[in-house]
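Structure, as structure tokens:
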Protein chains: 2
Amino acid sequence: MTARRSLSALPTPAALVDIEIAERNIQRMADRATKLGVRLRPHVKTHKCVEAARLQASAGTQAITVSTLAEARFFASAGFRDITYAVPLAPGRADEAAQLAARVDRLHVLIDHPDALQPVERAARSHGRRLSVFLKVDCGYHRAGVDPESDGALQLAARIASSAHVEFQGVLTHAGHSYACRNPDEIRAVAAQERDVTAGFARRLRAAGIQVLDVSVGSTPTMSVADHLEGVTEMRPGNYVFYDAFQSLIGSCALADTALTVIATVVGRYPERSAFVIDAGALALSKDPGARQVDPDTGYGIVQSLDRAVTWHHARIHALSQEHGHVRVDGGLPTGTFRIGDKVRIIPNHSCLTAALFDRYYAIADSAVEAEWTPVRGW
Amino acid sequence: MTARRSLSALPTPAALVDIEIAERNIQRMADRATKLGVRLRPHVKTHKCVEAARLQASAGTQAITVSTLAEARFFASAGFRDITYAVPLAPGRADEAAQLAARVDRLHVLIDHPDALQPVERAARSHGRRLSVFLKVDCGYHRAGVDPESDGALQLAARIASSAHVEFQGVLTHAGHSYACRNPDEIRAVAAQERDVTAGFARRLRAAGIQVLDVSVGSTPTMSVADHLEGVTEMRPGNYVFYDAFQSLIGSCALADTALTVIATVVGRYPERSAFVIDAGALALSKDPGARQVDPDTGYGIVQSLDRAVTWHHARIHALSQEHGHVRVDGGLPTGTFRIGDKVRIIPNHSCLTAALFDRYYAIADSAVEAEWTPVRGW
């Protein structure tokens, strides 16, 4: 048996997952789903790796949500057999979806426009495989989805439900506007809107004689704080596995719940301008601006000591270039801190975007590497 | 011989390189270096692929600049033998650098702090290989580099020059503050500062009896417009191979010079809110905010038709989530445009960050795929 690698032996930058924190986050969300009376179908786009998805499955169901067909194929190969591809399907990729559907028990796809239905029907017909279709509904985010009060929404649901080639699974939404919230009370209001609009739309369809099997909602902020989910059957949060600096600022989680960090080395030290430079830039952290609605001066992540015992809130990552992170420190650089070669941990603003920049994550426990997890990438 | 793939047959999102445009950009910068009387050592971090580096080498010298040790190893394996690693070296990776130095003719590393010298000397000694060291100087960007007027800068240069284990190659700067400029006149002023501060620092070192072999400057904006480079021996621009929406806005290039684009499919269409959604989100385009100092309303890229004949300046990519690009169109969605399944080309804000998100680029000519180029990633 070889000695476990210590954190200080890792080349930087590197992505670390604190296993115990991730497991705690996974269990807490599984408990919430149970308490709220809905199925948890976690969105695996945050981690994109089998190891984390298996932890989620062991705490709840085998059903997952994905953001790319590459993820869908990857997780299907790993044995996941009930998959929702939660981005409106591009007509040019309907054949791929139909092929994949033949390899799993259920592949659910999304549409929100009449012109998207025919390509799905054609692909299902040519592959002899009935695809399951969700109708995406706009609950107030105004990114994608049908207007739940429109005539068109009802007509499209009826067309899907009466199709000979696809099955109508139900309605699905994502309250992405929860990411504009500033505190848990604001998030709770968005969660109520997400639930009520979507459940109300399902009632409207049922009143018109359309069978709605699933009412699927979810974002990590709303699912972290929602009071109840009456009328909903399924939640699809994803970010909660890792959480991040953004989620802690808006109040979805505590800072201690953040499971993904980037380890970086101090490679430049400039006491004369109260600044230092780390070897984690935009290609290690991503350029997500963070929750500036809460803190207009928030940087590109939160700086902690290597053991995470100290959080330096006065050290702000104020700029990122490709491979440099530029950190300014309020009140000057104390002697003996942030020395050339010192290592720090960065809690990224947006763990989904940060994780996707790495070929592997070091899964750690007790400050040593337990395993390497390999995410899928591409589309 | 198989038929060449047409653009419309590519799964989206995908990264495309217009070969002719890239070749024209490469030749133009090589001509500028010749005219300005300096060596061109292109920064290959923008494309990270051998194919583009070979085009650059065939237009000029074999010398390159890299931003990671992974790039250094990758290009060394491809036969590039004169490499500058232009990020201050992390002490923990000095051994790797010394090992790599043994595989090439010249590996130049950067330091800008006395505490960084000893690890480099130790690694050079233990590998029996003299490393070449540049002293990084701050020409006004204030990210990294010594203050060229300080006593410490002179002392550090003297220490490097007198070391028994490393060779002092010269001084090096990067005028990253050119990225804050709004037009070519402002860029020219930064270019003059970059040149004059660095050449002046070299004169100061020489006056103190220190031999300075190279005076290396460069950013794509400054090198695209600089009037002259007296006192400079080398330029290191990188982005110019592809340019991007940012560079076109600040006036480093014309829109027609942008060689990297992302092909995306319209997957959502919302005439009621004058918007559509494409399947290129933050993981395909990167979240670089672009040249907001020029256009506060600039989006996350510029939308063009599939054949690039039409540029839709009134279509703004106003938000990116992980796999969705949300586009608002001033004046409404014209019938027959941006239909579900239509494909568009996006000129990204920052081609370096966008390119790094893809496992391959499709190199195209005459609207068909000529080759696939594979970039290196990681650190």
Side-chain angles (χ1 to χ4, degrees), chain A residues 8 11-14 45 67-69 87-93 96 112-113 115-116 119 136 138 142-145 147 150 176 265-270 272-273 275 277 279 281-284 286-289 319 321-324 326 339-341 343 350 352-353 356-359 377-379, chain B residues 8 11-14 45 67-69 87-93 96 112-116 119 136 138 142-145 147 150 176 265-270 272-273 275 277 279 282-284 286-289 319 321-324 326 339-341 343 350 352-353 356-359 377-379:
Chain A
S8 55
T12 59
K45 76 181 177 71
S67 68
T68 65
L69 287 172
V87 174
L89 183 65
R93 305 196 69 170
E96 283 173 71
D112 71 356
H113 194 285
D115 292 352
K136 174 97 185 240
D138 176 16
H142 304 321
R143 180 183 68 182
D147 175 352
S150 65
T265 301
V266 175
V267 296
R269 178 181 167 84
Y270 314 96
E272 67 278 15
R273 46 181 190 263
V277 164
D279 62 355
L283 286 193
S286 101
K287 258 187 143 167
D288 196 284
S321 39
Q322 188 161 339
E323 298 294 350
H324 298 73
H326 194 175
R339 296 165 304 181
I340 299 287
K343 292 184 177 176
H350 191 162
C352 311
L353 301 189
L357 295 169
F358 289 86
D359 278 338
R377 66 190 310 252
W379 296 272
Chain B
S8 55
T12 58
K45 76 182 176 70
S67 69
T68 66
L69 286 173
V87 174
L89 183 65
R93 304 197 71 170
E96 284 174 70
D112 71 356
H113 194 284
D115 292 353
K136 174 96 184 242
D138 177 16
H142 305 323
R143 180 184 66 180
D147 175 352
S150 66
T265 301
V266 175
V267 295
R269 178 182 167 84
Y270 314 96
E272 66 279 14
R273 45 181 191 264
V277 165
D279 62 355
L283 286 193
S286 99
K287 257 188 143 165
D288 196 283
S321 40
Q322 187 161 338
E323 299 293 349
H324 298 74
H326 194 176
R339 297 164 304 183
I340 299 287
K343 292 183 178 177
H350 191 162
C352 311
L353 300 189
L357 295 169
F358 289 86
D359 278 337
R377 69 190 307 252
W379 297 272

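The chains referred to below are lettered A, B, ... by the order of the sequence lines, with proteins before strands, and numbering in each begins at 1.
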Would you mind telling me which of [options] has the largest number of heavy-atom pairs within less than 4.5 Å of chain A?
options	answer
B:S150, B:A90, B:A14	B:A90
B:P119, B:P88, B:G341	B:P88
B:H326, B:K343, B:H350, B:R377	B:R377
B:D279, B:D359, B:D115	B:D359
B:A116, B:G268, B:A144	B:A144
B:K136, B:K287, B:E272	B:K287

Mind ranking [options] by heavy-atom pairs under 4.5 Å with chain B and telling me who comes out on top?
options	result
A:L357, A:D147, A:V266	A:L357
A:R269, A:R93, A:H324	A:H324
A:P13, A:S321, A:G92, A:S8	A:P13

For this session: Search all heavy atoms of A:Q322 against all heavy atoms of B:C352 and return the closest pair with its distance.
Result: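 Of all heavy-atom pairs spanning A:Q322 and B:C352, the closest is OE1-CB, 3.2 Å.
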
Does any heavy atom of chain A fall under 4.5 Å from the side chain of [X], the backbone, both, or neither of them?
X	answer
B:R143	both
B:T265	side chain
B:V277	side chain
B:A275	neither
B:A319	neither

Problem set entry | Full working for side-chain contact (heavy atoms from CB on, under 4.5 Å) between B:V267 and A:L89 | CA-CA 6 Å; B:V267 295; A:L89 183 65; over 6 Å; no

For this session: Determine, stepwise, if the pair B:E323 / A:W379 fulfils side-chain contact (heavy atoms from CB on, under 4.5 Å).
Result: CA-CA 10 Å; B:E323 299 293 349; A:W379 296 272; 2.7 Å; yes

Exercise. In terms of heavy-atom proximity below 4.5 Å to chain B, should A:T68 be classed as side chain, backbone, both, or neither?
Worked result: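 Answer is side chain: those atoms of A:T68 sit under 4.5 Å from chain B.
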
